[in-house]
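Ligands are counted one by one from 1 in listed order, and the atoms in each one are counted from 1 as well. By convention here, the first residue in the shown sequence is residue 1. A quick note: this is a predicted structure, and the numbers were derived from the prediction, not measured.
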Amino acid sequence: MATIKIHCLGILLLTLCLTCTKGSVKRSIDLSASHVLIPDIRLPTDVIPLDYELYIEPNLEEYTFTGVVKINFDKPTLFENITILRGDRMPRKTVYVLYLKETVKQGTEGLLEIPFEGGIWESAEGLFRGSYTNTATKETEEYLTTYMRPNNARRVFPCFDEPGIKVPFAVSIARPKEYTVLFNTPLERTLEHSTLKNYVIDHFEKTPAMSTFTFGFIISKLMKFEDAAINEKSPSAPKIQVWSNQIDKSELKEIHARLLTVYNTIQDYFNVSVPLKKIDVVAVPGLTTVRPSDNWGLLVLKESELLKKSYLSFAQELIYQWIGSWVTPYWWSDAHVNKALASFLASEIAIQIDGGVEFNGKYPMTLLYSLYYELSKRYPHSRITGMKQETVSFKTELVIRMLNFTLGKSTFHNGVRNFIADHHYKTFIGDDLWNMLTKQALSDKTLDGQYSITDIASSWITKDRLPVVNVQRNYETRSALLQQKVYLRERPHDVPEQDKMLWWIPITLNRQDTLNFSECKPYVWINKTRQINISNLPESNQFIIINHEEIGPFPVNYDERNWNMLSNFLQTESGRTLIPTLTRAKLLHDAWNLAYAGDLSFATAFNMTLFMKFERNHIVWNPVFTFIDHIGRHIDMSAVHKKFEAYVTTLLAPLYEELGPENTPEEYWRTDLRSLAKTFLCRAGYRPCIEEAQKAYKVWQQSSDPDYENPVPNQYICPVFKWGSIEEWEFGLQRVIQFPKSRVQSERTYLLKTLAGCPSQPEKINRLLDLTILQQNINFTENDIFLIFSMLTGGSSGYTTLFNFLSEHWVAIRERFANKTNLWDSLISSATGVFSTQKGYDMVKKLYEEHPGEFGSAQHIIEKSLRNIKEEAQWSDQNLPVIEKWLDNYLSQNNEKNQK
Ligand SMILES: *[C@@H]1O[C@H](CO)[C@@H](O)[C@H](O)[C@H]1NC(C)=O
Ligand SMILES: *[C@@H]1O[C@H](CO)[C@@H](O)[C@H](O)[C@H]1NC(C)=O
Ligand SMILES: *[C@@H]1O[C@H](CO)[C@@H](O)[C@H](O)[C@H]1NC(C)=O
Ligand SMILES: *[C@@H]1O[C@H](CO)[C@@H](O)[C@H](O)[C@H]1NC(C)=O
Ligand SMILES: *[C@@H]1O[C@H](CO)[C@@H](O)[C@H](O)[C@H]1NC(C)=O
Ligand SMILES: *[C@@H]1O[C@H](CO)[C@@H](O)[C@H](O)[C@H]1NC(C)=O
Ligand SMILES: *[C@@H]1O[C@H](CO)[C@@H](O)[C@H](O)[C@H]1NC(C)=O
Ligand SMILES: *[C@@H]1O[C@H](CO)[C@@H](O)[C@H](O)[C@H]1NC(C)=O
């Protein structure tokens, strides 16, 4: 018995028809890997459609729709009516199977006609609805639109819903007369509806061959911007038309001009225009899709997104018109390459247009640092599974960036152009891009004849890890040993199979005697071997820098002598200006994280921070706040912490004073940097900051109705709760207790969080615990208690007080939480999990031994805590003395200097 399988989630009205089938086979490359987020079975390839004829009729009163799809298999001339025995949805799958009475010969031509109907929901999948207020008339206006990515077309009509199946669509859509329908292609003609008086039917031009996920339409009363400039630079390009809810004309003019600029820049980059007559860009107020709906020729996005006028996001969306819609990933497992390439090229385009102003200099740091953290964990992506997909495409984007630099702009550019030209209307797999780049690089001689980009790229993309390169110079022979290993930051470094992981790594080299940071050609590639030697290095009194500007996504470690030469150079004015921003940031970021990982002495890492006293660039400063936070938490319980805070103050105070008071208007980074500096200075107990905070807080204390509103800016609250008096803190506590139900509850949450998380005096925390746990004050919910526990893990004073409180009131607390295992578990985890010294270990161990068999559901939690503390204590034993010695030394020198 023969079958036809088709994707479908709606209701099929199969009684009506079916005329035929056939089975011509057009096979594509079979990729078995499937996208983890799309657990789907693939359709067999023996029945593939040639085109679709589709009619959709929505009912705006009942929020339903009906329609008919006619799917042609080859030219529908020879009809052979075939009986359908039955049809069935596959259990728990969105696949419908039609069982035919007889076997159909290969090559049979035919037509499958299926009426369907369905509901229009509010969630943004398939065909959905929404509404907004018309700015001019203040009326509520409804709209219907579609979001088909990745596989929601089947929610609307039965179809072969795979990206690799690209065929033309002839579409007509019914609408009430007062609405407009925008579809992938331009309107061809409008006819009266034969039965519904107030409806007409719009027939659209046949689309080019395209995938179902790029199919889309919108039915709305949004208005077209009529005064748009014509595209003088590129008259043959598709007409870009903006639709919106009465956005201001001058605003629209600018938006339209920016869209044209972006379109033309992309077109120049690809050296080809997309084969469309128009691209409608539709701004919908309050659209609920997470991402814009980037249908071919029809971009539907949030109004707020359009109003940002961001070159980067316009570029991102318009690039999908080429790669995504015209040139399409064969399956979802290839989509990450598509996304990464689109995202990289969008950055390239945005940088070409405005020189990178929009990035605020942060490309690609934001992406890169988050990858460095995530992929150096013991268990990457353990928290959020959806993140894994994101990480894969970030990493792929950084690999593409690495290729752009190491192969050279022109090789990369031509490779991408050829790749596009080769795949018009077709699909690609990841390797198609890498192969095209290899071909181009070999012909341009920018890659060694034995190398292949496919091997290079896959060594990065197939692993959930990044490498670190260790550089050990031999100053006598002017050579160096370069070794690669897996980069692990979180301890213990017990990742299995790490010896088997090897990468292809480009080694770009800068030497102090011939610094040239525009040279990005690798000095050598580490060819997926553990280690190599390089020679012809400079004299022993000159440093080298490898992987400047983060050309490849990997940290680099050096020997101590090279690090210290770098540190000294950066402390000179002339030196600092010679090393570009991203490279300064990288040196600092690498040194610090390698020390954290246990691969570099903290003394050397602290040496690398000395130049920050003079550093004024926010890009170099930004990661510093993360380090201060990480390290601060780690040493929080020891006496070293005070010294560390003193050091932080010597670094930050000059910066803060130089930034001066807030000026409006000023650059965003200035405001941002000032506020970060202030937060950390306050945390470190910088007097001027605390006094300022207390002054602001007093206004609230003296207000006649303090529960009505809180006049203190958030930034002042934590310093007051941390460094202020018990009375000030108690005042805050009373505000939480008496917080009116009518006020925004997130303000209460913020207060409670800071009340618990900020203080350093145990008496404040004891008071809170006593009130909420022992006295069971009715104004605190269970969620409040969870929140308090979790906030107390933020500092040693917090979790140590919690621990002591638990030890002291063991019996009472156990009884109180006897039937609340969640709270109990959370308490044990917060009270024991964050210690990081031997002393902490001994305390927790004692508690554990004093109460055998009494931990109940939290037994495994405290056992895990003990294991973790052991690990952390080892870290502290190793590093605290080094840190303390460095700080003592620095602070005594600094005091001497100040006294002179
Ligand atoms: C097949 O069915 C269609 C529609 O029911 C009918 O118009 C046509 O004559 C039939 N063709 C044959 C060969 O039976
Ligand atoms: C751009 O495309 C045109 C034809 O489409 C071709 O003649 C021209 O050489 C191309 N330019 C580049 C730089 O590839
Ligand atoms: C690609 O490389 C060139 C230099 O080869 C550089 O100017 C350009 O900014 C790079 N593009 C991106 C987006 O990093
Ligand atoms: C730096 O490198 C670039 C790219 O290779 C080259 O064009 C330039 O001449 C070099 N500059 C110096 C001063 O050597
Ligand atoms: C790397 O290069 C070395 C020396 O040229 C060679 O012996 C080795 O086989 C290469 N390894 C790989 C994986 O290509
Ligand atoms: C830190 O820098 C000082 C001054 O340059 C140097 O004497 C010391 O050896 C450095 N310490 C380490 C561990 O690199
Ligand atoms: C809870 O808060 C209300 C005011 O919102 C207050 O009157 C009451 O005394 C509080 N209850 C306790 C037990 O403190
Ligand atoms: C806990 O639950 C048990 C049985 O459900 C009940 O008998 C007991 O009184 C409860 N204990 C407390 C403290 O609520």
**Atoms in ligand 6 flagged as close to Ala603, the criterion being non-hydrogen separation under 4.0 Å** = 13 (C)
**Prompt:** Would you call Lys485 and Asp599 a salt bridge, taking side-chain N to carboxylate O under 4.0 Å as the test?
**Reply:** yes
**Charged N-O contact under 4.0 Å between Lys586 and Glu549** = no
**Asked** Do Trp886 and ligand 6 have an N or O pair less than 3.5 Å apart?
**Response** no
**Prompt:** Does the ring centre of Tyr451 sit less than 6.0 Å away from the ring centre of Trp504?
**Reply:** yes
**Side-chain ion pair, Arg561 and Asp559, N-O less than 4.0 Å** = no
**Request:** Output yes when a protein non-hydrogen atom is found under 4.0 Å of atom 14 (O) of ligand 5, and no otherwise.
**Result:** yes
**Message:** What protein heavy atom lies closest to atom 4 (C) of ligand 6? Include the residue and the distance to one decimal.
**Reply:** Asn607 ND2, 4.6 Å
**Request:** List the closest protein heavy-atom neighbour of atom 2 (O) of ligand 2: residue, atom name, distance to the nearest 0.1 Å.
**Result:** Asn271 ND2, 2.4 Å
**Request:** Under the side chain to side chain donor-acceptor pair (under 3.5 Å) rule, what do Ser459 and Lys528 come out as? Steps first, then yes or no, please.
**Result:** CA-CA 8 Å; Ser459 79; Lys528 221 180 171 190; over 6 Å; no
**Request:** Could you tell me which atoms of ligand 2, counted from 1 in the order shown, lie closer than 4.0 angstrom to a heavy atom of Arg417?
**Result:** 12 (C), 13 (C), 14 (O)
**Item:** Protein non-hydrogen atom found under 4.0 Å from atom 7 (O) of ligand 5
**Value:** no
**Fill in**
Taking every heavy atom of Arg530 against every heavy atom of Gln498, the minimum-distance pair comes out as NH2-O, 4.2 Å
**Prompt:** Taking non-hydrogen atoms only, is Asn527 closer than 4.0 angstrom to ligand 5 via side chain, backbone, both or neither?
**Reply:** both
**Heteroatom distance test (Asn564, ligand 6): nitrogen or oxygen, under 3.5 angstrom** = yes
**Request:** Write out the residue and atom name of the closest protein heavy atom to atom 5 (O) of ligand 6, then the distance separating them to 0.1 Å.
**Result:** Asn568 OD1, 3.7 Å
**Message:** Test salt bridge (Lys or Arg N to Asp or Glu O under 4.0 Å) on Arg576 and Glu615; report intermediate values, then the result.
**Reply:** CA-CA 8 Å; Arg576 253 190 330 279; Glu615 179 66 63; 5.3 Å; no
